[in-house]
There are 4 protein chains.
Amino acid sequence: MALMHLTVIPLGTVSPSVGEYVADMQIILEKSGFPYKLTDMGTIVEGSSKELLVLAAKLSELPFNKGIQRVVTQINLDDRRDKKAALGDKILSVAARLTQEGRG
Amino acid sequence: MALMHLTVIPLGTVSPSVGEYVADMQIILEKSGFPYKLTDMGTIVEGSSKELLVLAAKLSELPFNKGIQRVVTQINLDDRRDKKAALGDKILSVAARLTQEGRG
Amino acid sequence: MALMHLTVIPLGTVSPSVGEYVADMQIILEKSGFPYKLTDMGTIVEGSSKELLVLAAKLSELPFNKGIQRVVTQINLDDRRDKKAALGDKILSVAARLTQEGRG
Amino acid sequence: MALMHLTVIPLGTVSPSVGEYVADMQIILEKSGFPYKLTDMGTIVEGSSKELLVLAAKLSELPFNKGIQRVVTQINLDDRRDKKAALGDKILSVAARLTQEGRG
């Protein structure tokens with residue numbers, strides 16, 4: 001199972017604000033059925049790496065529909081096969097470790 | 001003000017689990033005084049880009065103290081000077097936009 | 001047309017050296033038919049963003065075939081529709097600009 | 001010794017072309033004295049990770065001097081202490097491996 005961290009950046013917008021493009025992405029994410037989480041620096045989605053990259057292709061296409069001519073997309077995939085790694089697991093695991101070590 | 005998204009990946013660990021290195025980072029982050037948030041795919045920190053890159057240098061050094069010989073660090077900086085962009089702001093802003101447009 | 005910058009990082013290798021995995025990728029890249037260039041920090045490939053992400057899925061799968069249990073993949077896509085942006089173009093363009101401005 | 005892959009992306013430019021900002025960066029890189037290489041998808045620089053992150057802070061500041069209000073910077077650091085990893089080494093190493101294995 002994989003987690004994907006994705007950022008889609010439209011270039012050549014008149015304003016430095018790109019919130020409307022992020023909002024468009026969230027509509028597609030809702031429909032996709034994948035568990036996902038919006039963060040301040042990108043969106044994290046859970047699925048198989050193959051499915052996630054197909055989704056990424058869809059999401060990075062969106063700004064072109066609004067007349068944008070250039071889009072930079074950053075994708076980070078963390079794919080592990082030794083154990084389940086659902087959205088939220090890593091954070092719980094680090095917190096538990098710190099508590100256990102008396103460092104949390 | 002800038003937001004930094006940071007991932008520190010030790011290479012050559014015997015196990016594919018790297019949770020102990022993430023826990024070490026969190027100790028330094030706590031002491032740093034910067035607002036930060038741990039996510040499934042990295043840590044987001046708020047500060048000036050100059051300060052954040054100094055912090056990143058400190059954090060990417062940590063695995064070497066445990067005998068690791070190679071560390072890959074990914075840093076994404078989003079630095080804006082037109083408006084305040086504190087940790088949490090962007091998410092609120094996108095949610096508000098979707099609600100306003102009747103899409104949320 | 002898009003350019004993709006890709007890095008595939010296997011975790012949990014005993015050694016910090018990952019050259020054999022890079023070599024495996026290069027075999028697939030040769031067969032793919034896409035123009036590509038190996039750099040010190042990743043591979044750059046030229047194609048449509050949809051095709052490139054399908055290729056990325058293939059390449060990030062490779063280490064699992066060798067018993068690796070966790071793979072981190074970093075993908076950067078620069079997709080532009082206003083002009084052709086083939087491999088090598090940007091470098092030529094920056095060099096020309098610097099020469100023109102008397103700064104090169 | 002570390003290699004840094006860096007991309008500095010100004011947001012809110014009227015045009016999707018950002019070549020002038022890349023050219024500005026190259027002037028600073030020349031003066032820095034660090035070995036570097038411009039690629040289609042970013043610049044690769046060789047140095048200690050601490051020095052490289054100080055340089056990155058300088059480079060990501062540049063677009064603000066031209067009135068840009070928001071800059072996204074992507075930094076990838078590959079820092080290894082087990083062997084020398086100068087600019088160019090990895091490519092030579094992969095090529096040698098493929099030749100040796102009769103695959104190149």
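Protein chains get the first letters and strands the later ones, always in sequence-line order, with residue 1 at the start of each. Keep in mind the model is a prediction, meaning the values are calculated, not measured.
- Options C:Val71, C:Val54, C:Ile9, C:Ile68 differ in how many heavy-atom pairs under 4.5 Å they form with chain A, and the most are formed by C:Val71.
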Output all donor-acceptor pairs under 3.5 Å across chain C and chain A; consider backbone as well as side chains.
| unit_1 | atom_1 | unit_2 | atom_2 | d |
| --- | --- | --- | --- | --- |
| C:Glu61 | OE1 | A:Arg81 | NH2 | 2.9 |
| C:Glu61 | OE2 | A:Arg81 | NH1 | 3.0 |
| C:Gln69 | O | A:Arg81 | N | 2.8 |
| C:Gln69 | OE1 | A:Asp82 | N | 3.4 |
| C:Arg70 | NE | A:Asp78 | OD1 | 2.9 |
| C:Arg70 | NH2 | A:Asp78 | OD2 | 2.7 |
| C:Val71 | N | A:Asp79 | O | 2.9 |
| C:Val71 | O | A:Asp79 | N | 2.9 |
| C:Thr73 | N | A:Leu77 | O | 2.9 |
| C:Thr73 | O | A:Leu77 | N | 2.8 |
| C:Ile75 | N | A:Ile75 | O | 2.8 |
| C:Ile75 | O | A:Ile75 | N | 2.8 |
| C:Leu77 | N | A:Thr73 | O | 2.8 |
| C:Leu77 | O | A:Thr73 | N | 2.9 |
| C:Asp78 | OD1 | A:Arg70 | NE | 3.0 |
| C:Asp78 | OD2 | A:Arg70 | NH2 | 2.7 |
| C:Asp79 | N | A:Val71 | O | 2.9 |
| C:Asp79 | O | A:Val71 | N | 2.9 |
| C:Arg81 | N | A:Gln69 | O | 2.8 |
| C:Arg81 | NH1 | A:Glu61 | OE2 | 3.0 |
| C:Arg81 | NH2 | A:Glu61 | OE1 | 3.0 |
| C:Asp82 | N | A:Gln69 | OE1 | 3.4 |

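- Note that CG of A:Leu53 is 11.5 Å distant from CG of C:Leu52, once rounded to the nearest 0.5 Å.
- Note that the CD1 atom of C:Ile75 and the CD1 atom of A:Ile75 stand 4.5 Å from one another [nearest 0.5 Å].
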